[in-house]
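What you are looking at is a predicted structure, and each value in this text was computed from that prediction instead of being measured.
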Amino acid sequence: MVVRFLIRRLTGLIGVLVVMSLIVFVLQSIIPADPARSVAGPNAPAEVVERIRDQLGLNKPVLVQYGDYVWRLLHGDLGTSVRTRQPVATDIVESAPASLELMLAALFVGVGMGAGVAAFQHLFRRAAFARVLLLGLGSVPIFLAALLLIWLFWFQLDWFPGGGRIGIRRFAGPTSFMLLDGILLGRGDVILSALHHMALPALTLAIPIAVSIARSITSALETTMQQPFIRMARGKGLTEGRILWRHAARASAAAPLAMIGLQVGLLFANLLIVERVFAWPGLGLYTVQAFASSDLPAVLGVSLVFGAFYIFVNILIDLAQAGLDPRVRLT
């Protein structure tokens, strides 16, 4: 069953990536910005711009350009970035570790905060301020949350830096994951600096995740706590905390796991804003710069990577749901 599930999902992945590449390609084609002008510069003569446009294949019909792109994609070629003048695959490999490290930190913090708030709400029924806190946090736009955190913790208190990834110059680790490199090399200063710089952007990304996870867990727990096996556990004299952690948590995990899958998609969109605000050198900042430069190959390449990663994460979540809850079947 698992093998058939993986085959269906991987087949669907190919179809989704094809449709995604077509949509993004068409949208970029109708944008009035001129990549050839971006390469040549604002003061370049018209004949130079036209020559570059021919070199980039921009004078070809849109369908021909898309066909050429798909053909190169099938051979593992994501094209060459108009802005950086190097292969898009190389740019993605260089930028992906920073984004992946930040996303994992945000998911860890967000899920932890959400689970903690949900457990607190369940154990202390009259904790109305927790609901008010969730409502308030959920109503703050991501860019405003980022600016408020910078204003408070950097500008006013000077507790955390307002941008960058690490404060140690010319540090290059073997994996490009700062925390992992610090651990592998035994560099405590690298670990502390990486955590120091990661705190504000990870917290900004974690806030909407925590709100959604807390609401999902709270709703799932309310349903689970009405089940007969919970009443049986209470009849045995078990404490509410023991019932929560040993019996209700696993039975309530399916809905929060599904919510995590949805939040990963939202995380990609928020990543563009947060990395731009905090000058975090990841795929989000790379994509924003690509949009500003009308860098179509870079935008398409990052879109495909994000799409594949999103589907891969949801496959893992489906497997985790089936493993935790036997009532969930892989389809």
Side-chain angles (χ1 to χ4, degrees), residues 95 97-121 124 127-169 171 177-180 182 187-218 259-260 262-289 291-292:
S95 302
S99 292
L100 186 58
E101 188 174 43
L102 181 59
M103 290 170 61
L104 291 175
L107 285 171
F108 179 80
V109 174
V111 172
M113 290 173 55
V117 171
F120 185 80
Q121 282 186 278
F124 302 94
F129 71 93
R131 292 185 175 86
V132 176
L133 177 63
L134 287 178
L135 181 62
L137 291 176
S139 63
V140 179
I142 191 71
F143 71 90
L144 180 58
L147 295 177
L148 289 176
L149 289 176
I150 290 177
W151 175 80
L152 177 61
F153 291 105
W154 177 51
F155 187 74
Q156 293 293 331
L157 301 176
D158 197 23
W159 288 358
F160 298 99
R165 192 182 179 195
I166 194 170
I168 301 175
R169 294 183 177 180
F171 174 77
F177 291 87
M178 294 301 175
L179 288 177
L180 181 59
R187 294 281 302 272
D189 57 334
V190 173
I191 297 174
L192 292 177
S193 181
L195 290 173
H196 201 214
H197 285 74
M198 190 187 300
L200 292 185
L203 180 59
T204 305
L205 289 171
I207 289 175
I209 297 175
V211 173
S212 300
I213 294 299
R215 289 175 175 173
S216 178
I217 294 178
T218 300
M259 180 58 68
I260 291 175
L262 295 176
Q263 288 302 309
V264 170
L266 180 61
L267 191 59
F268 292 150
N270 291 339
L271 200 66
L272 303 183
I273 301 173
V274 171
E275 287 192 0
R276 178 66 181 87
V277 172
F278 289 96
W280 189 268
L283 287 177
L285 181 60
Y286 176 77
T287 305
V288 171
Q289 294 171 342
F291 272 114

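No donor-acceptor distance shorter than 3.5 angstrom exists from the side chain of His196 to the backbone of Leu192, with no hydrogens or angles considered. In terms of modelled atom types and a separation under 3.5 Å, the side chain of Ser212 and the main chain of Pro208 share a donor-acceptor contact. In this structure, Trp280 contributes its side chain and Ala98 its backbone to a donor-acceptor pair below 3.5 Å.
Here the side chains of Leu283 and Phe268 are not in contact, with every heavy-atom distance at 4.5 Å or above. Side-chain contact between Leu179 and Glu101 is present, with at least one heavy-atom pair separated by less than 4.5 Å. For the pair Leu149 and Leu203, the minimum side-chain heavy-atom distance is below 4.5 Å. Side-chain atoms of Met198 and Met178, non-hydrogen and from C-beta on, never get closer than 4.5 Å to each other.
Contact detail for Ala146 and Phe278: the closest heavy-atom pair is CB-CE1, 3.7 Å. A pairwise comparison of heavy atoms in Gly163 and His197 identifies O-CD2, 3.4 Å as the closest pair. Of all the heavy atoms in Ser193 and Gly167, the pair that sits closest is OG-N, 2.8 Å. Of all non-hydrogen atoms in Leu285 and Glu275, the two that sit nearest each other are N-OE1, 2.8 Å.
A distance of 9.5 Å separates CG in Leu195 from CZ in Phe160, rounded to the nearest 0.5 Å. Taken to the nearest 0.5 Å, the CD1 atom of Ile142 stands 10.5 Å off from the CG atom of Leu147. A distance of 11.5 Å separates CG in Leu262 from CD1 in Ile209, rounded to the nearest 0.5 Å. To the nearest 0.5 angstrom, Leu144 atom CG is 10.5 Å from Thr204 atom OG1. The line from CD of Gln263 to CG of Asn270 is 8.5 Å long, rounded to the nearest 0.5 Å. Atom CG in Leu205 sits 11.0 Å away from atom CG in Leu200 (nearest 0.5 Å).
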Exercise for the section: Start with the C-alpha distance between Ile207 and Val140, add both sets of side-chain angles, then the distance that settles side chain to side chain contact (heavy atoms under 4.5 Å, CB included), and finish with yes or no. Expected result: CA-CA 9 Å; Ile207 289 175; Val140 179; over 6 Å; no
Exercise for the section: Determine, stepwise, if the pair Leu152 / Trp159 fulfils side chain to side chain contact (heavy atoms under 4.5 Å, CB included). Expected result: CA-CA 9 Å; Leu152 177 61; Trp159 288 358; over 6 Å; no
Indicate every side-chain donor-acceptor pair of residues 102-118 with a distance under 3.5 Å to a residue at least two apart or in another chain.
none

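Here side-chain hydrogen bond (donor to acceptor under 3.5 Å, both in side chains) pairs that include residues 140-155, with residues two or more places apart or in two chains, number zero.
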